[in-house]
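The next block holds one structure in the form of structure tokens; read it before the comments.
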There are 2 protein chains.
Amino acid sequence: MSSVDYVTSDAPKRLSRGEAKARTRELLLEAAASTFARKGFHGASVEAIAEAAGFSIGALYANFAGKEQLFLELLSSRASGQVLAAAEILHDDDVTAGDPADALGRFLVDLADKDTDFSLLQAEFWLYAARNPGVRDTLAERMREPRELLARLVEERRGEPEAPVPPSTVATVVLALFQGLVRQRRIDQGSVPPELFGQALRWLFAGLDEETRQRRDQS
Amino acid sequence: MSSVDYVTSDAPKRLSRGEAKARTRELLLEAAASTFARKGFHGASVEAIAEAAGFSIGALYANFAGKEQLFLELLSSRASGQVLAAAEILHDDDVTAGDPADALGRFLVDLADKDTDFSLLQAEFWLYAARNPGVRDTLAERMREPRELLARLVEERRGEPEAPVPPSTVATVVLALFQGLVRQRRIDQGSVPPELFGQALRWLFAGLDEETRQRRDQS
DNA sequence: GTCTATAAAGCGATAGAC
DNA sequence: GTCTATCGCTTTATAGAC
């Protein structure tokens, strides 16, 4: 801009060499997420990724060992995003002031409808993990902690301490239900109305409560 | 057909020209299903598919317009397999003699654990459809009928005629739940025990019954 | 109808200039 | 640290022999 402060190393706009490289890395990761989502792992070329980030192929190879490592880095850092988003909404008391099931349902429909790359990338991650035992175990390990987080929050909200299955198993069912509904909605919007997410969750919890009561009365 | 009959057009072993070509087509489709499942749409080469079928690339192009048409033919003919399998098991009175939920759950876990290509190909179909609007609408259309079939069978089994949502919507939730559980089980077997399929289905139906009763009592 | 051989294009990855 | 140019390999699809 001006001639006076144009060197100013501590100005917020000017980036140091390390910062510049970190920013390039981040832009490449962002572009990779979008490109992998739209074209798939094999369908996305490193040229397309670099181009989407506004860099050349050389810049990509200066920051990542190759296409596979770039993909795996994405998988490790973003695969549990859906679970964390769900946990976040359950944790927010203001949003879940009404029915937590409705709030969670509405939030996830919004997320899935708005960020269309999300579920595509998620499916790409799943396929890659299902085909590569090593990555599969890594993904399983990485999903464990956020699932436990969701389990604790669901447990809190339900307030029933003696369910017939462990809390993490309930969380598994909730996640499976949501992932399945999001995927079906993507193919046929009309067959999966937005309210269905909260509705199905209420059915699930009502049935779980009933079984919990029955087991308590038996003993 | 022949002058004497020594070509025996109705003998089981000798294949007519048309039959031979039909057999080649079928073998190629089978090999394509397996290869697409293991490598993905872009990852699977036509050479690998032809080789898996025991033919050359030329034979493949003599039977299909190309890789994409081969994939789309598979998608049209096999995408609704999961729904039909579920419907079939619900229709079989002998198998569902006990709890239909348990029977359905056990059957689908067996199917998913045994035919490992099934869910991979299903995911590959979903991704392709989600990325191509034309194919997406085709898939949505093709899923409608089997879903209605499942809906009718679930309705029969439940015997509750006045659910708060249409029967096809209940079928949608059931399918979403199963697909989600199958996928999670594929990544982390330990987190999705086989009994969970039937258990979750029972919770769902119990909650649905409860809401049905409440609505009836209100009016 | 199926084969082999090959054309034309695209890919991941590397080398060297700046 | 990023760019341009290019290598070597694989891909889809076609042509011609049989």
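Quick note on labels: first sequence line is chain A, next is B, and so on, each numbered from 1. Because only heavy atoms are used, hydrogens play no part in the values below, and waters and symmetry mates are left out as well, while side chains stay in.
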Checklist entry - How many Å lie between CD1 on B:Ile57 and C1' on D:dT10, as a whole number? => result 11 Å
Item to check | Interatomic distance where OH belongs to B:Tyr61 and P belongs to D:dA17 [whole Å] | outcome: 21 Å
Item to check | A:Ile187 vs B:Trp126 side-chain heavy atoms within contact, under 4.5 Å | outcome: yes
Item to check | Per B:Asn63 side chain, nearest of listed nucleotides D:dC3, D:dT2, C:dT2 | outcome: C:dT2
Next on the checklist: Just the rounded figure in Å: distance from P of D:dG1 to NZ of A:Lys21.
Outcome noted: 5 Å
Item to check | Protein-nucleotide distance (B:Glu47, atom CD; D:dT10, atom P), rounded to Å | outcome: 10 Å
Checklist outcome for this item: Whole-Å distance, B:Arg23 CZ to C:dG1 C1', equals 13 Å
Checklist entry - Among A:Arg136, A:Arg142, A:Arg147, which residue meets the salt bridge (Lys or Arg N to Asp or Glu O under 4.0 Å) test with B:Asp188? => result A:Arg147
Item to check | Side-chain touch A:Gln69/A:Leu72, heavy atoms, less than 4.5 angstrom | outcome: no
Next on the checklist: What I'd like to find out is whether the side chain of B:Pro194 reaches to under 4.5 Å of the side chain of B:Arg185, using heavy atoms alone.
Outcome noted: yes
Checklist entry - How close or far is atom C1' of D:dA13 from atom CD of B:Gln69, stated in whole angstroms? => result 14 Å
Item to check | Nearest-nucleotide pick for B:Ala62, side chain only, options being C:dT2, C:dG12, D:dA13 | outcome: C:dT2
Next on the checklist: I need the NZ-P distance between B:Lys39 and D:dT10, as an integer number of Å.
Outcome noted: 12 Å
Checklist entry - When you measure from the side chain of A:Phe55, which nucleotide among C:dT4, D:dC3, C:dA13 comes out closest? => result D:dC3
Next on the checklist: Output the rounded distance in Å from NE2 (B:His42) to P (C:dC11).
Outcome noted: 9 Å
Checklist entry - Of the candidate nucleotides D:dC3, D:dT12, C:dT2, which contains the atom at the shortest distance from the side chain of B:Ala59? => result C:dT2
Next on the checklist: Can you tell me how the ring of B:Phe36 sits relative to the ring of B:Phe71, calling it parallel under 30°, perpendicular over 60° and tilted otherwise?
Outcome noted: perpendicular
Item to check | Nearest-nucleotide comparison on DNA chain C, the residue closer to the 5′ end among A:Ala44 and A:Gly58 | outcome: A:Ala44
Checklist entry - Looking at C:dA13, D:dT11, C:dC3, which one has an atom nearest to any side-chain atom of B:Ser45? => result D:dT11
Checklist entry - Does B:Thr24 make a side-chain N or O approach to OP1 or OP2 of C:dT2 shorter than 4.0 Å? => result yes
